[in-house]
Amino acid sequence: MIDEPNIGTLSIPYTVRASYPVRPGNVLRPLIDGEPAFRRVCEAIEQAKHSVWVTVTFMWASCNMPDGRGTPLDVLNRAAERGIDVRIIFWRPDSRTEHLKTNAFWGASEHFDRLRERNSSVSIRWDQAEPGFCQHQKSWLIDAGTETETAFLGGINLNPNSVVAPGHRGGTGQNHDVYIELTGPSVVDVHHNFVQRWNEASERNLPDGRWGAGSEYDLPFPNKVPQHRGETVVQIQRTIHNGQYRNWHATPLGSDYPIEAGERSNFEQYCAAIRAARSSIYIENQSVSVQEIIDCLHQALLRGVEIVVVVPAEDEKIPEYLAHLAAFDHFTLAGIAGLGDDGKRNPVWVHSKLMVVDGEWGTVGSCNLHQYSLFGNCEMNAAFWDSKATRNLLDQLLYEHLDQDVSGLDDRSALQLFGEIARRNRRLFDRGDSSWQGLAFHLFPL
């Protein structure tokens, strides 16, 4: 039996149709934007004593880690050279997603050449998704199965546009994104997820489907839950296409859910959290386009919930499916733009996938709010119930976007201030004035 929290104390319901249970006793730390996030990931890799296991969707050849550490492969190769068990699962696009191979390390001949040139001793398996979909998880697992095991997960890809500093000053083409660092009992579920994917990687038996000594061997599933490290309640939630994996034998510790049936716990949790919202909803997402999510947001607005949605602002394209929500004064649809060296504002691509509800509950991960992520891709989020951890995330995000400390405000007042500043910045934008407060601006003309 796992040590379950008192469910009656959770104002936002959790989903029971998930592979992994709700686990108390975690510590969760937000890492805002790619430069500080990958700096911390690299520090953890350099301090690893046993293993580093990674799931990767995209890895550009031009990507470099912070502080002169070289490419992601350089960082991982150095760990392997000192005897650390380094394993990577890379996505291999299929014929229907072949156009996405450009920035994926998908196992082309030149990719094997790069590994040979570096005499790389990492172990790799390549994995396809269901046809037309993506293996979209982004996770780093340090020292799996030990008492100090640590996970990093979120939405940040390995590309130069994402390895950028908070504030997004300088050049064009930057991405805004978020990881979390997680320690405690729920890391066992990130561990379990990696073992499932490694053991069932679709290309593992092909001549070009794996690399490195040990890549031919499957991994044992975890057999113990890490000790409590803090106070945060966490549930690891996923999207797994029905039928994607058919031979997962080990049931997650403390769970009875039939994982072989596929999983949509990301979708179910998003809907449940929005329906339960009483005062505020804050969303950052690359895409908010699923009708059920839009309908849930509309119902929340009818209840008087203050809502802020932050989406990409390139070319000022306003998502039409969100436009009707603008009729509510307590709805803000915003983008962000950094100040360039030329004094002009450059739109920042919002690539994060997160939501905060009532300042009490949050989720961060790889799951976009579109059909692919909610119903077809392989995705992973961490949902968490903890007002301190949730407000820490919200306060850090709003400090970046508004250039103002909102920690003294309640959650609703903080989002109302966001709307005021975003509208003020929009008026300046319409006049060609770049002297904004922070980065956020309203996407609808005022």
Side-chain angles (χ1 to χ4, degrees), residues 12-20 55 57-58 89 91-100 104 127-139 153-155 157 189-190 192-193 196-197 200-202 235-246 248 252 255 257-276 281 283-300 309 311-312 319-322 350-355 357 362-383:
I12 307 297
Y14 70 99
T15 177
V16 296
R17 294 192 294 179
S19 296
Y20 303 121
T55 63
T57 304
F58 296 105
I89 304 173
W91 175 46
R92 175 172 288 174
D94 61 20
S95 60
R96 291 168 58 182
T97 53
E98 191 160 1
H99 62 289
L100 296 172
D127 194 21
Q128 286 191 347
E130 283 291 295
F133 292 106
C134 175
Q135 299 289 24
H136 200 238
Q137 295 178 349
K138 302 105 167 54
S139 64
L153 59 97
N157 285 312
D189 301 321
V190 181
H192 189 278
N193 172 82
Q196 286 181 325
R197 287 200 53 202
E200 291 296 313
S202 64
Q235 186 179 34
I236 299 300
Q237 298 171 343
R238 303 187 298 181
T239 305
I240 302 293
H241 193 283
N242 188 22
Q244 170 72 57
Y245 300 106
R246 297 176 175 83
W248 290 356
S255 176
Y257 184 72
I259 54 176
E260 65 273 13
E263 184 175 349
R264 292 183 176 180
S265 57
N266 283 320
F267 171 68
E268 293 176 5
Q269 181 66 76
Y270 263 101
C271 291
I274 297 170
R275 291 187 185 117
I281 298 171
I283 294 174
E284 290 184 8
N285 209 284
Q286 183 177 226
S287 175
V288 185
S289 58
V290 169
Q291 190 60 50
E292 292 94 327
I293 300 293
I294 304 299
D295 291 343
C296 287
L297 291 172
H298 184 244
Q299 291 301 313
V309 178
V311 294
E320 294 181 5
Y321 34 80
L322 290 173
V350 175
H351 194 261
S352 44
K353 303 95 170 55
L354 65 90
M355 183 166 73
V357 173
T363 184
V364 174
S366 66
C367 188
N368 291 301
L369 295 177
H370 59 41
Q371 294 286 340
Y372 290 96
S373 280
L374 291 173
F375 306 120
N377 292 346
C378 183
E379 308 281 7
M380 181 165 59
N381 276 41

In Å and rounded to the nearest 0.5 Å, what is the [atom1] to [atom2] distance from [X] to [Y]?
X    : Y    : atom1 : atom2 : result
F267 : Q371 : CZ    : CD    : 8.5 Å
K138 : M380 : NZ    : CE    : 10.5 Å
I294 : S289 : CD1   : OG    : 7.5 Å
Q286 : L369 : CD    : CG    : 10.5 Å
I240 : E130 : CD1   : CD    : 10.5 Å

Return yes if some donor-acceptor pair links the side-chain N/O of [X] with the main-chain N/O of [Y] below 3.5 Å, else return no.
X    : Y    : answer
D94  : R96  : yes
S287 : N368 : no
H351 : G155 : yes

I'd like to know whether Q137 forms a side-chain contact (heavy atoms from CB on, under 4.5 Å) with N193, so could you lay out the CA-CA distance, the side-chain angles of the two residues, the decisive distance to 0.1 Å, and finally the verdict. CA-CA 10 Å; Q137 295 178 349; N193 172 82; 2.9 Å; yes

Taking side chain as C-beta onward, heavy atoms only, is [X] less than 4.5 Å from [Y]?
X    : Y    : answer
L374 : E292 : no
H192 : I236 : no
V350 : V311 : no
R197 : C378 : yes
I89  : Q135 : no
T15  : R264 : no
I274 : V357 : no

Between [Y] and [X], is there a side-chain donor-acceptor contact under 3.5 Å, judged purely by atom types and distance?
X    : Y    : value
E263 : S19  : yes
K353 : S366 : no
N266 : T239 : yes

Which atoms form the tightest heavy-atom contact between [X] and [Y], and what is the distance?
X    : Y    : value
Q128 : R92  : CG-O, 2.9 Å
H241 : G376 : CB-O, 3.5 Å
T57  : C134 : CG2-SG, 3.5 Å
N285 : L354 : ND2-N, 4.4 Å
Y270 : C367 : OH-O, 4.3 Å
W91  : T97  : CZ2-OG1, 3.6 Å

Apply ring-ring contact (aromatic ring centres under 6.0 Å, His included) to Y372 and list each qualifying residue two or more places apart in sequence or on a separate chain.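 Y372: ring-ring contact (aromatic ring centres under 6.0 Å, His included) contacts with F133, H370.
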
With sequence neighbours excluded, residues passing side chain to side chain donor-acceptor pair (under 3.5 Å) with Q237: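 Once residues adjacent in sequence are excluded, the partners of Q237 under the side chain to side chain donor-acceptor pair (under 3.5 Å) criterion are Q235, Q269.
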
